[in-house]
*Asks:* 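This is the structure, below, for whatever I ask next.
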Amino acid sequence: MEKQYSAKEVEEKWLKIYRENEFFRADVDSPKKSFVIVIPPPNVTGVLHIGHALNTTIQDVLIRQARMSGLNTLWIPGTDHAGIATQNVVERSLLEKGQKRDDLGRDKFIEKVWRWKEERGGTIIEQLKKLGASCDWQRERFTMDEGLSAAVSEAFVSLYQKGLIYRGNYIVNWCPRCTTALANEEVDHETEESHLYYIRYPGEGGTEGVVVATTRPETLFGDTAIAVNPKDIRYKKIVGKKVFLPILNRLIPIVAHPMVEKGFGTGAVKITPHHDPNDFKMARDLNLPGITVIDEKGILTKEAGPLAGKERFAAREETVALLKENGLLVKVEDYQHSVGRCYRCETVVEPYLSKQWFVRMKPLAKPTLVLAKKNKPKFYPARWQKVYRMWLENIEDWCISRQIWWGHRLPVYYCQGCLTKNVGAGLHPRPREGTEPLPYTNEKGIIVSKTKPDKCPNCGSINLTQDPDVLDTWFSSWLWPYSVLGWPEKTKDLEIFYPTKILVTAPEIIFFWVARMAMSGLEFTGKLPFEQVYIHGTVRDETGRKMSKSYGNVIDPLEIINEVGADSLRFSLISFASQGQDLFIGRKSFTLGRNFANKIWNASRLVIGRVKEEGLKIDGLPDIATLTFSQRWILSEFETCRRSVDKNLKALRLNEAAAVLYQFFWHTYCDWYLEMVKIDWQERKDKNSLACAIFVLERFLHLVHPFMPFITEEIWNRLKEEGLVQDEAKSLSLATWPQAIRGHHQPALDFRFKLLKEAITAIRDLKREFGVPPTQLAKATICIGPGEEYTFFEKENCQNYVKKLSGLAELQIVTHHQRQDMEANHLLTLGEVFLPLAGLFDPAKERDKRNKELAGLETEMAKITVRLKDRQFLKKAPPEVVKREKERLELMYLNKKRIKEQLSFLK
RNA sequence: GGGCGAGUAGCUCAGUUGGCAGAGCAUUCGGCUUACAUCCGAAAGGUCACAGGUUCAAGUCCUGUCUCGCCCACCA
């Protein structure tokens with residue numbers, strides 16, 4: 001084997017083999033139980049970032065382990081058309097050429113986006129492959145595929161017919177830059193420094209009127225009332241009176257509404273129905289008119305009188321100036337309040353009155369909540385269950401129309417005939433029982449249909465126009481787990497692969513996506529689309545900041561793959577991802593995985609190389625009865641490791657599983673077992689040691705494979721090439737996950753090994769302490785037993801292990817030892833080691849050490865003694881705990897005796 | 001305002017049903033021992049944020065406090 005592991009070469013090699021062999025294709029006719037994951041589709045415009053890398057690795061670990069465990073696995077990849085985001089990207093590239101989307105027109109523009117998608121949209125999928133994702137690439141889907149688009153229309157029409165989709169005039173979150181509505185969840189709120197302006201509205205007939213506090217003086221042109229709380233005695237008298245709107249001097253009434261809080265500002269608030277959602281509600285309650293003073297681009301309309309045509313933020317300044325001139329600005333306070341921004345372009349969102357389409361969510365949430373209360377789906381970590389449930393409980397209607405071009409066009413047609421002739425509408429929705437009447441809706445002349453009708457079914461007019469809006473991107477995403485399997489067609493895929501097993505995603509999209517998928521799944525398929533939901537943390541930099549381009553702290557996973565390989569990236573990420581906790585990662589973090597890969601490579605090189613050099617024929621594992629202590633011990637240790645990995649994977653504690661593998665391989669297999677193998681070979685040409693080494697290595701490679709697919713695949717295949725492993729599987733990814741083997745797990749060996757290790761460590765420690773160079777072969781005595789421990793050291797080749805591993809020329813194992821002059825010693829659990837140190841020994845130093853040990857021992861003994869005298873403890877603690885304490889105390893007594901003996905010699 | 005998470009070694013974090021406090025990195029010391037210096041050996045390092053409580057026994061369970069972070073909400 002090559003001295004240096006080349007991740008690049010090996011990974012490229014296997015990527016090619018995977019591509020050619022399609023190992024990961026799912027078989028719809030398989031009799032095996034299925035295990036399905038659908039990928040959270042990344043934006044088609046996206047490039048792989050570290051968060052994707054984590055998300056993908058988690059899914060791949062789970063799917064690979066399931067595949068090896070004999071399940072019929074399917075992992076469906078795909079991308080999301082990401083309406084606003086993609087449109088923004090293409091618009092930006094147009095802008096570089098000085099073009100705007102309107103210059104092209106809708107059709108040309110969409111053509112352009114498709115072309116862009118074809119050329120650049122595949123990048124992220126290629127990057128997922130580089131990571132080693134074992135998706136069924138044949139089944140790659142895109143949310144704007146024909147099939148998925150059909151699913152979207154089907155869902156829309158179905159919901160509309162059930163009365164769960166309606167159109168209405170509402171205040172929505174409006175992004176004046178994207179000129180589209182946004183759902184509540186698409187707005188990011190942040191607290192910002194601002195001002196609270198106190199403005200006087202003079203009363204009729206020269207009375208002083210009222211003062212209101214507002215953060216948005218520029219909207220005052222749209223005020224149609226002043227509202228106070230009906231219980232507010234300060235204002236009781238003036239409710240019903242009128243005041244003058246500043247600057248425009250229009251008369252507006254003072255009204256009362258319970259939503260107004262007495263304590264805020266002056267207790268009086270201006271009502272601007274078209275530019276504030278609360279004002280809109282109050283206006284509706286009180287039947288007040290509204291005036292639009294800011295248009296869809298954020299420019300003040302002609303209703304704004306002197307400020308018509310001004311941009312909204314400039315208008316704020318000018319309004320304040322005008323108020324000041326008129327003496328109506330009472331005061332200005334510094335004020336912090338939360339400002340909503342478009343999650344795509346960060347423009348401050350404008351509450352804007354417009355006609356939009358909504359999904360009525362409460363009826364959809366109801367059955368979902370029933371299951372949520374039974375912990376279905378099951379969240380990992382469990383705390384997200386509550387977040388999910390609370391959102392479902394307080395759910396609001398979902399604004400699904402977007403005024404952009406890139407996306408699924410609404411399957412809605414307007415019949416000009418019906419609309420002008422003023423006759424009844426076509427396909428009216430039948431409201432579900434118990435749903436409220438549709439407010440602000442006019443269904444007249446609306447035809448909702450999957451395909452464009454030839455003529456209006458109601459009036460026969462052929463003058464039909466399709467709604468120009470497109471659907472929110474999430475309207476296709478929420479169908480993803482079954483639309484990718486062919487829904488609404490009744491496909492075999494759906495029958496076999498649905499519902500999926502687990503959804504792996506980030507906390508940010510529990511509302512956007514997870515909850516909505518759950519609801520739509522129940523609505524359209526009658527089933528929850530996934531059994532489990534794994535929510536992983538956010539990847540942050542070392543200082544805890546989110547990784548973002550603007551901070552310049554992003555780590556590009558592809559760079560990491562280039563430097564250290566995908567395996568190293570994957571293993572490091574998983575190691576840092578404690579369930580649901582955020583990850584703090586720097587560039588250096590990936591040395592963890594790189595070093596581990598290096599270790600695996602080199603250990604394999606030793607084992608395989610040794611067998612080859614010596615021309616050994618190794619044919620599986622020898623009969624366990626013929627094995628020595630160390631050989632049985634490593635089999636037992638592996639079994640412990642295997643159990644722990646299984647347990648942790650099942651509980652979705654992937655980081656723990658990774659840690660167990662790391663610990664076992666490095667510090668048990670390499671540090672101890674392989675060292676003993678070398679000795680066994682050197683001392684007595686023990687072939688069995690190598691056979692066990694290979695056996696354990698091969699099984700270990702299986703366990704690490706889900707985490708590090710490439711290097712394990714490579715080494716496993718080399719084992720096969722050397723004839724050291726018999727397995728018909730064409731790839732480790734298709735091999736069988738290790739199962740328990742009877743007789744391998746022998747916990748009693750752990751204790752024996754502990755004694756051995758302790759003796760070796762003690763001698764190394766003594767040598768270091770007294771400045772004996774590690775290479776200088778020393779002489780030592782181990783005093784142990786009498787009893788089986790003594791026999792163990794005598795019999796099991798332990799003397800050789802101790803001698804070689806601690807650098808001794810001579811070793812005596814005795815049951816009793818009279819301490820010699822100039823001899824240093826070290827306590828063991830069941831004995832002592834002695835090292836003669838002529839010339840290096842310092843009795844005073846020794847005495848200090850012993851006294852310190854004695855003091856520590858005595859405090860500990862005192863504690864245990866107290867505990868063992870405590871009747872409550874004896875009565876209530878489980879017997880094995882009591883027994884353990886007694887044993888500990890006994891050992892300590894022994895050690896105390898030994899130390900005292902030593903001290904008497906040192907005088 | 002409500003909810004959630006975190007606080008354990010210098011740093012980043014594990015610690016599952018309560019039962020002898022762990023890892024990686026960094027530090028110190030010693031080693032090129034024919035798999036690996038991306039390595040080997042050893043050491044040092046802890047009032048488990050604080051205060052109470054439950055328990056024979058608390059890093060772990062309960063109550064409260066403090067600090068940091070995140071999410072939600074219609075603070076005009």
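In what follows, every chain begins at residue 1, and chains take the letters A, B, ... in the order their sequences are listed.
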*Asks:* When we call it a touch if two heavy atoms are under 4.0 Å apart, what does A:Glu675 touch: a base, just sugar-phosphate, or nothing?
*Replies:*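 Result for A:Glu675 = base.
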*Asks:* Rounded to whole Å, please give me the gap between CG in A:Leu583 and P in B:C25.
*Replies:*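 Between P of B:C25 and CG of A:Leu583: 18 Å.
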*Asks:* Any residue in residues 860-875 of chain A with a heavy atom nearer than 4.0 angstrom to RNA chain B? Just list them by number, or reply none.
*Replies:* A:Asp870, A:Gln872, A:Phe873
*Asks:* Expressed in angstrom and rounded to an integer, what is the separation of A:Lys386 atom NZ from B:C70 atom C1'?
*Replies:*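 To the nearest whole Å, that distance equals 15 Å.
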*Asks:* Going by an N to O cut-off under 4.0 Å, is there a salt bridge joining A:Arg888 and A:Glu860?
*Replies:* yes
*Asks:* State, yes or no, whether a side-chain contact exists between A:Tyr197 and A:Leu323 at a heavy-atom distance under 4.5 Å.
*Replies:*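 Result no, sub-4.5 Å side-chain heavy-atom pair not found.
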*Asks:* State whether the side chain of A:Asp279 and the backbone N or O of A:Thr272 hold a donor-acceptor pair below 3.5 Å, judged by distance alone.
*Replies:*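 Judged by distance alone, yes, a pair lies under 3.5 Å.
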*Asks:* Give the rounded distance in Å between these two atoms: CG of A:Asp582 and C1' of B:A6.
*Replies:*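 Computing the A:Asp582:CG to B:A6:C1' distance gives 10 Å.
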*Asks:* State the pairing partner of B:A44; accept Watson-Crick or G-U wobble contacts with both distances under 3.5 Å, and report none otherwise.
*Replies:*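 B:A44 is unpaired by these criteria.
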*Asks:* Would A:Phe379 and A:Trp384 count as a close aromatic pair, with their ring centres under 6.0 Å?
*Replies:* no
*Asks:* Looking at A:Tyr662 versus A:Trp666, is the centre-to-centre ring distance below 6.0 Å?
*Replies:* yes
*Asks:* Got a donor-acceptor pair under 3.5 Å from the side chain of A:Gln4 to the base of B:A35?
*Replies:* no
*Asks:* Whole angstroms only, please: what is the NZ-P distance between A:Lys767 and B:U33?
*Replies:* 14 Å
*Asks:* Quick one: are the ring centres of A:Tyr380 and A:Tyr534 less than 6.0 Å apart?
*Replies:* no
*Asks:* Which is true for A:Arg764 with a 4.0 Å heavy-atom rule: it touches a base, it touches only sugar-phosphate, or it touches nothing?
*Replies:*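 A:Arg764: backbone/sugar contact only, no base atoms under 4.0 Å.
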*Asks:* In this structure, how many angstroms lie between the P atom of B:C13 and the CD atom of A:Glu656, rounded?
*Replies:* 15 Å
